[in-house]
Every structure is written in C-alpha cells, then in structure tokens.
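Single-structure report; data block below.
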Amino acid sequence: MSNFDEMDAFEGASTPLSQRAMSARPMPYLDGLNPAQREAVETLYGPVLMLAGAGTGKTKALTARIVHLMNAAKARPNEILAVTFTNKAAREMKNRVGGMLGQSIEGMPWLGTFHAICVKLLRRHAELVGLKSNFTILDTDDQIRLLKQLLRAESIDDKRWPARMLAGFIDGWKNRALTPEKVPSADAGAFNNRGTEFYAMYQKRLLELNAVDFGDLLLHVVTIFQTHDDVLNQYQRWFRYILVDEYQDTNVAQYLWLRLLAGGHKNICCVGDDDQSIYGWRGAEVGNILRFEKDFPGAKVVRLEQNYRSTPHILAAASNVIAGNEGRLGKDLWTASEEGEKVRLIGHWDGEEEARWIGEELEAMQSGTRGMNPISLNDMAILVRASHQMRAFEDRFLTIGLPYRVIGGPRFYERMEIRDAMAYFRIVTSPDDDLAFERIVNTPKRGLGDKAQQKIQMAARANGVSLVEGARIVVENKAIGGKGGAELAKLVDGLDRWAALTRGPRVATIIDDDAVLDDGPQMSEPEFGPPEMSHVELAQVILDESGYTAHWQNDKTPEGPGRLENLKELVKALEQFENLQGFLEHVSLIMDNTQEDEAAKVSIMTLHGAKGLEFPAVFLPGWEDGLFPSQRSMDESGLKGLEEERRLAYVGITRAEDICTISFTANRMVFGQWQSQLPSRFIDELPEDHVEVLTPPGLYGGNYGAAGMGMGGSGQSDLEKRVQDANVYNSPGWKRLQARKDNRPMSQPAESKNITIDMTAVSSFSMGERVFHQKFGYGAVIGIEGDKLEIEFEKAGTKKVVSRFVAAADAADDIPF
DNA sequence: GTGGTTCATATTTTT
DNA sequence: TATGAACCAC
C-alpha cells in the first residue's frame, strides 16, 4: 500500500494553534531547569542519552524537551514520537506537556506506549503481515489457552511440557524480534526440540484467527519496517523527533524498532537509568543503554545527578549498595536537601513480628508520636520483594484496623468477569472471533460441555466457517438435543439480534480527503449508518440478555458483588468511546486499575510495582538472603541475577524521601515450613555511617549464626553454603553495625490504637448476625469485644476483625471500601 | 456436566 | 500453607 500522496498532503497541514501561541512567548519552561536538565532539553538534534538517576527530574526534563521541540525546532506535535512503557507514564507526560503549554494536548497522537503505538501502526499496515486491520489482541491468558489447544492437538503431555513453558520460549523469541524462521539453531533444543515448530504453528494459527499477542505488536511492526523500505521511509520522515522513556527497559525488538525509525535523522533522545533496570527477566536488555554511544556515534550523554527526592543518608545508602554492581555507566547522585534521619535497620523474630512492628511504626508516624510531624498514611509504603510477603501485613492491618491498599495484583482487564464480558462484545462485533466464542459459549452454564462444543467445532470445520456459523448449523440440524440445544439456539439468536443492534445499515464507503486526520498515513474505513441504540445500552443489553449478569447475581462466593461492580464499571468505561469496536481496539492496552480512593491508606506493593513512585516513608521488609536477593534469581541467572536484585534494592531505597526502614527476620515460613533466615547480603552493603541499627540487643547476637549452622545438615554443599552465609553475617560490616546499634526499645505501642473506637461500629452488630467481609466473605458474628468482632466465616474460618471492615450481609453493596 | 476430591506447585509482571 | 489444575465419581 502506498500512502505517499496522503503523506504529501500532511506536509502542508496547517500549523496547530498550540505552536503559534507558543512561539510568540519566550521559553519559561526552561527557567526551572538545572544546567544538566537544560543541556538535555536544548540539545535538539542528534542522538542524546539522558542518564537520569532516581529522583533527578527526568520527567520534567522530558516534558520540557517536548515543548522545546515544538517551540524552538518548530516541530508539529504529530511529528514527535514519544514512547513510554506504561499507560500511566504516557498519561502523565501528556498531562504535563499540556500543563506547560497551558492547554489540553490533543495534538500528540504519537505519545504513548510501545504497544499502543505499534497497534496504531499495525492497524494501518496489517495486510503486509497477513492480518486484517481489525485484528484482536490476545492477552497472556488467551495465548496460553491457544497454545494448550495446539499442544493437545499434537497429544503433548502438558504435565511434562506445559503450555506456559512454551509461551515462555515464544515470548523470549519475540522479545528478541525473532520470527520462527530466524530462531537460531542454538535454540533448537527448546521445548523438547519442538519449540520452533510449535512457534511456527502458533503464528499460523494467530493469522487464521486474525489475532496477535503482545509480543507480535512489536515483532510485526519490526518485520514490516525491515521488509518494506517504503513504509519505513515514510515513518522515518514523519517522526522527525523521537523520545524514549525508561530506555534501560527496552528489549531487542523495541531497540530494533527504535533504531529503524531513528535511522535517518538520528534525532533520538533516550532517557533511562541503567541502575534501575529490573525487568531483565521480561526480556529487557540493560545492554541497550550501556551500548548507546556505540550504537549512535557522536551521541551526547547527559547525566542528571542532582536528586530532588531523598535525604543524603538515603542517597548514600542507595549509592553504596548499587556500587557493588559491575559495568555501570555510573552516576554520582547528590542533593541539596537537609540531612534528615539515617536509614533504619531492624531485625525481627519472624514475619508476624515484623508486620506487627511496622504496623506500630505506621501508627506512630501517622499520629506524630515519633516526635515528628504526623505523616499521612498515603505517604507511607511497604515495598516487598514477593507478593506473598503481603499477606502478613494484610492480616495484621486487618486486625488492628489500619487502612491499607494493595497496589498491583490482577489488572482490571485481566479479571475473569471483564474478560468474559469483553468476549461477548467481541463476538458481537466480529462473529468470526472463534476464541471469544469458545470463551462464552458455556458461560454462563448453558449445558454445553466438551461434547457439544466438539460438535460445533466439527460443523464449523466441515463447512469452513467460524464457530458461530458452526453453531448455527448445529442448531438448524438439531444436532444437540435437550437443554443444551435449546440454550444454543437462544445464544445464536441473541448474537444475531445484538449484532444487528451494533450498527445501522452499511453505507457506501466515503473517502473525504479533507477529513483525513493529520496524525500520519491514513487508511479509509467503511462507514455505517447510525446505530439504533447507544453502544453503552447495547453492552448492558448483551450482558443482561445473555444471562451473564444474572450469573454473578446468583453467585454465592464473596467475590460476586465485587464482580458485578466491575461489570458496572466496565459499562461505564464504554462511555468514553464512540462504539464497541473502538472500545475493544484499545481496551486491552489501556484499561488499568482506576480505583480512585478517598481515605488515607498505606500502600503495599512489590518493589517492581514501586518503580517511578516516591513516598516520604518507606518500609523495606524481608531483606533476607534467599528472599531478597531471591534465590531463584541467583540460581537462574547467576551474577546477572544478583545484580538485578541489587538494582531492585537500589530502586527500593530510592523510593524514600525522608525515612527508609529496612528490616529482616530470623525465621520465615517458606512453603509451609519454618526456615531460619540470614540477613540479606545487601544489608552488609549499607554504609554504616548512614544507618541506624534499631535491633534490640540479645535478639540477634551470636546465637543467630549458630541456629543457621545447626539446621544445615542436609548435604555437603548446602552446609558449606550455610557456613559461608554465616560468615557473611559475621562480616566486619555487620559487626560494626551491631557495635553501633542503639539500645533503645523497639518502639512504644501506639496508644491511639486503643483510644479510637468507632462507637457507631461497636453497636451496629449483634451476636449471630450474618455479615460480609471483603476478604473473608460471608460469616456469622460469634463474639463482640469492643470494636472487634469474632466472626465465623463460611469459607475462611474464624477470625477476629475490626467491625468497620465488615458490613451486614444484606447490605453487602454498601461496604465502605 | 458438575462437584468434590487429590496432587503438584510455589518470584518479580510495564503491555 | 494454600492455591490451582486435573481427574474421577455421580
């Protein structure tokens, strides 16, 4: 396809208002920048690497650069390609650019995530890789499902060769921009020697389904660029300036993509921090950022080293830890801020005690008991290495009634009910979406099990049609009897009816040259008359008439109400789109957890989830060898793994603005078994001058190492390792820390705990009353003690819970959180 | 086809 | 420990 005529039309497109408004004024956005930031902003041409340490104002610099490009280089907003990894980052950048310009920035169509931009590109050139432009995007779950089907068809024992493993290989290849033909022979042994073969089959199947997975979005676009010079040239000319955020997280495919696009003018500015590369296991290549100057000869490297976030103690601790890594580009972070408190280090007996102590500290900080100004819970965070660590905190906070929020977990669009609902929308808007059909055909239960579904499959295959059409044939032939047959007939009927409601009659395609948007090469789309019903209403109708809403209304599990709530939210989200298609094209990439909350809560999240965030008070629990650094990382990736863990430690510490508290425990329950733990080797890397040891004397003295030795009798190497670890624990650094430790008591229990009793809550429950709890589900009150209730839960057993976390069962909709 | 059982399994998860 | 998937009996 050739878009050159259209391209030429864009070159003459009128100058956006924003730019005219800008050029009249001076450049106020440059004033607030420090010299390094300013240099990075003002070097508009040629390759630039902005090495931005944690908290050095890289987003500020990046946004200022965008504005400066429009202002000084007279770049039109649509000629700037700005890529991020997350939607959140993209959104923030959009907002901040808009803020600097003093107007909303609708005119930056190419500011987005790698994936979102690739979707846009791929929809335009889909046919070059054998797709139709309305392809569907499969998420990980769909991907696994599909692979399972393939493996089953080949009678592969999925115990021994699980689909997940195959998905891992395939993702790995896609991350490296390798199509099946290009997989190197070194990888031939993958997946029992059949990895490449299955990869090829999977890709073929995806094309048949007109579908792509996340990895394909990049892979296909890279393939197009590599095989179609004309297309590549178009975009090379179109994107006059390229900006990349979090460059240290790019994988090979993204790297190639960028190199291809920047190939002409090389006006590319990459921003990143090699010390914050923590996604190696997802295919990210730190090498990309380390190699930048070689890849782009003559590149200007600018270091942002002034930190505006943390105190000197915190920075020193972080710098000292990260100094243990080899082959860094190196930065010297400094700050003008006041000294503040040292990084605090404390050991505990076990995870429960750790959670209890942190809970008390949080309360003390919140009430200002600690002799400081009170801190809002919103300004505190607990950052863990692995999500299973969260449980101890949740349990503890639930019992003491401390409001918390878990960040991360399944994303909105990954939830079962959302995916089911979306499958309904998909099958209605594109009836040949077989995957969607498979998902919903027996959801809710329609009495259509394996056998019935096989019949549909066979009918479809025999006639070379989609599953929906196959189902229609089955219904017409009455091949399925009884309840199932009747239900299937009803479903097919429903699908027809809903599809008819989606759109009005088809209208002749109109190509209106003047109406072409100026955001790049365009393709025309068929048009339809006006729909008879708004897509929002239609969505509700689909969910109701299909019986899906009722399915969850009848659901007895504690999740039921929440799922209905999510469905409501999904329908609400539809309002922002023009139609169902538009929604589906974007939703898989943009829906995220948008729970905006009112009350102050402490955040609990993983270290990975915390990247890019900052909090006045940060707690880093679980610094024990094996947990952090994670044993698995070290086993699988050796020194590389350990270094990535160390970067994770660096990320964790640098999230803290004022107070950073690191803790470890002597014992921890691992897979149901108690294990004695040794303090993390990273603890030894903390600089003693910047650390205050809070561990009470006697608790973790010499007997700690002895306990570790006593347990390690299982094998020679194991024993050796433990001896070695024990030596680490007794290392000079640790001994010095012990020697300097403060003898003060651990912390006073927060008194506020017993003072604040919510009287309304106390009186509102009675013995035997049926209640609902968000985490534990339904239960009966069997004991009342002040504001605490003892509840026998139907699923979760007997628990003591603060009454305001519980709602009367008949009012489950009004749970106050 | 559903529901209960057993058995294996056990990081991190931007899209 | 505790969760999910797979299998088997109704």
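All chains are named by letter (A, B, ...) in the order of the sequence lines, taking the proteins before the strands, and each is independently numbered beginning at 1. Please read these numbers as outputs of a predicted model, since none were measured by experiment. As a basis for the values below, the full set of heavy atoms in this structure was taken, side chains included, without hydrogen atoms, waters or symmetry mates.
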_Just to verify, what does A:R385 make a salt bridge (Lys or Arg N to Asp or Glu O under 4.0 Å) with, not counting sequence neighbours?_
A:E645

*Can you tell me if the side-chain N/O atoms of A:N87 get under 4.0 Å from OP1 or OP2 in B:dT15?*
yes

*Apply salt bridge (Lys or Arg N to Asp or Glu O under 4.0 Å) to A:R356 and list each qualifying residue two or more places apart in sequence or on a separate chain.*
none

*Sequence neighbours excluded, which residues qualify as side-chain contact (heavy atoms from CB on, under 4.5 Å) partners of A:E636?*
A:R632

*With sequence neighbours excluded, tell me which residues meet salt bridge (Lys or Arg N to Asp or Glu O under 4.0 Å) with A:D142.*
A:R419

*Output all residues satisfying salt bridge (Lys or Arg N to Asp or Glu O under 4.0 Å) with A:E614, sequence neighbours left out; order by chain, then residue number.*
A:R309

*Hey, would you say the A:F169 and A:Y199 ring centroids sit under 6.0 Å apart?*
no

*By side chain to side chain donor-acceptor pair (under 3.5 Å), which residues pair with A:D273, not counting sequence neighbours?*
A:Q276, A:K331

*Would you please name every residue forming a side-chain contact (heavy atoms from CB on, under 4.5 Å) with A:R259, sequence neighbours left out?*
A:Y255, A:D295, A:F296

_Footprint string (nucleotides 5-10 of chain C, 5' to 3'): B base within contact, S backbone only, - free, heavy atoms under 4.0 Å_ = ------

What protein N or O atoms touch nucleotides 3-7 of chain B N or O atoms at under 3.5 angstrom, if any, and at what distances?
none

Table of protein N/O atoms under 3.5 Å from nucleotides 2-4 of chain C N/O atoms:
from	atom 1	to	atom 2	distance (Å)
C:dA2	OP1	A:R391	NH1	2.7
C:dA2	OP1	A:R391	NH2	3.4

*Donor-acceptor pair under 3.5 Å: do we get one between A:R385's side chain and the base of B:dT12?*
yes

*Using the test side-chain contact (heavy atoms from CB on, under 4.5 Å), find all partners of A:M458 that sit at least two apart in sequence or belong to another chain.*
none

*Rounded distance in Å between the P positions of B:dT12 and C:dA5*: 16 Å

*asked:* Check the phosphate of B:dT12 against A:S387, side-chain N and O only, distance under 4.0 Å to OP1 or OP2. Yes or no?
replied: yes

_Qualifying residues under side-chain contact (heavy atoms from CB on, under 4.5 Å), relative to A:T136, sequence neighbours excluded_ = A:L138, A:A211, A:R426, A:D433

